[in-house]
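Note sheet for the following structure.
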Number of protein chains: 2
Amino acid sequence: MSRKLHLPIPARKALKKLGKDIRDARLRRRIGTELMAERAGFSRITLNKIEQGDSGVSVGGYVSALFVLGMLDRLKDIADARHDLIGLMLEEERLPKRIRAPKAEK
Amino acid sequence: MSRKLHLPIPARKALKKLGKDIRDARLRRRIGTELMAERAGFSRITLNKIEQGDSGVSVGGYVSALFVLGMLDRLKDIADARHDLIGLMLEEERLPKRIRAPKAEK
DNA sequence: CTGTAATGATAAGAATAATAAACATTAGCG
DNA sequence: CGCTAATGTTTATTATTCTTATCATTACAG
């Protein structure tokens, strides 16, 4: 986001929790911020932002942190179709490749 | 990441899958790229990058997209302690607030 | 309790992400 | 099957992140 993205409250909360969980996981493993940042390939400051749930940090940073902690697995299923209840209800046929607006009523 | 972060293969794969899943979820809901981008608060181009699993996009973009799709729930548990098997094995006592290197042997 | 190393915070500069505009491509309605 | 609107791409510009360096704070070992 170049222009600061105004994130809805629940989204911001989810990020905060994620950051805190990442921090706790690091502490459980007794890894210092310096070492952790080095392994993940970014600076201590960026790690700090991640652990605070900063929404501006690139997704690569978060993913890299999760990778270092060995917690990448669950990420893959976040938006997996199997868990998309809303989507399953809507799906009636094969997915289109484009969304076309229905012809306006005369 | 200002300096392009070199992401390990599994991490990159996870992001690619996430992007694809987000795209499929959008299609299932019959939401066009323009409308989706507008609701999420960013441009069509950024949505495109997200759906391709671009690691440079800010995490806020991804989270906002998940929010629009109503798929925020699972995000919160990605790194939750309850699922941190490695961490649970390591945890023996109360978590420290800082990680201190053990005194070097003389 | 005390000293010290780990963490948090701040500022300035380099690198990159995000946007808008315009054009090329292509899916799918009719 | 053809037309049109939806999507993909490129370029130039702007805004913001990420980094390095430095200083302040504080938790922990001894």
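Quick note on labels: first sequence line is chain A, next is B, and so on, each numbered from 1. Here the structure is a predicted model, which means the values were calculated and not measured.
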Can you check the Arg44(A) CZ to dA24(D) C1' distance for me, whole Å? 12 Å
Between Arg100(A) and Gly41(A), the residue closer to the 5' end of DNA chain D by nearest nucleotide is Arg100(A)
When Arg26(A) and Gly56(B) are each assigned the nearest nucleotide of DNA chain C, the 5'-most assignment goes to Arg26(A)
Rounded to whole Å, how long is the line connecting atom NZ of Lys97(B) with atom C1' of dA29(D)? 17 Å
Point-to-point distance, once rounded to the nearest 0.5 Å, from NZ of Lys17(B) to CG of Asp24(B): 9.0 Å
Are Ser64(B) and Leu5(A) packed together at the side-chain level, in the sense that at least one heavy-atom pair is separated by less than 4.5 angstrom? yes
Taking only the side-chain nitrogens and oxygens of Thr46(B), find out if one of them lies under 4.0 Å from OP1 or OP2 of dT19(C). yes
Glu38(B) has an atom CD; how far is it from atom P of dT19(C), in whole Å? 13 Å
Gap between atoms CD1 and P, on Ile99(B) and dG8(C) respectively (whole Å): 11 Å
Distance below 4.0 Å between Ser58(A) side-chain N/O and dC18(D) OP1 or OP2: yes
Is there a side-chain contact between Ile22(A) and Met71(A), using heavy atoms and a 4.5 Å cut-off? no
Within residues 10-20 of chain B, find the residues that approach DNA chain D with a heavy atom at under 4.0 Å, and present them sorted by residue number. none
Rounded to the nearest 0.5 Å, what separation is found between the CZ atom of Arg30(A) and the CD1 atom of Ile99(B)? 6.0 Å
Give a yes/no on whether any side-chain N or O of Gln52(A) is located under 4.0 angstrom from OP1 or OP2 of dT7(C). no
What is the distance from atom CD1 of Ile50(A) to atom CG of Leu15(A), rounded to the nearest 0.5 Å? 10.5 Å
Does any non-hydrogen side-chain atom of Phe67(B) lie less than 4.5 Å from one of Leu7(A)? no
Can you find an N or O donor on one side and an acceptor on the other, under 3.5 Å apart, linking the side chain of Arg98(A) with the base of dT26(C)? yes
Thinking salt bridges, do Asp80(A) and Arg74(B) make one under a 4.0 Å N-O criterion? no
Ile45(A) CD1 to dA11(C) C1', in whole Å, measures 10 Å
Taken to the nearest whole Å, CD/Glu34(A) to C1'/dG8(C) is 13 Å
Between Thr33(B) and dA6(D), is there a side-chain N or O to OP1/OP2 distance below 4.0 Å? no
Would you kindly give the NZ-to-C1' distance between Lys49(B) and dT19(C), to the nearest whole Å? 9 Å
I want to check something: taking the side chain as every heavy atom from C-beta on, are Lys76(B) and Asp21(A) in contact at a cut-off of under 4.5 Å? no
Between Gly32(A) and Asp54(B), the residue closer to the 5' end of DNA chain C by nearest nucleotide is Gly32(A)
Between NE2 of His6(B) and P of dA15(C) the distance, given in whole Å, is 20 Å
Contact nearer the 5' end of DNA chain D, comparing Ser43(A) with Pro96(B): Ser43(A)
side-chain N/O Arg23(A) vs dG8(C) OP1/OP2, d < 4.0 Å: yes
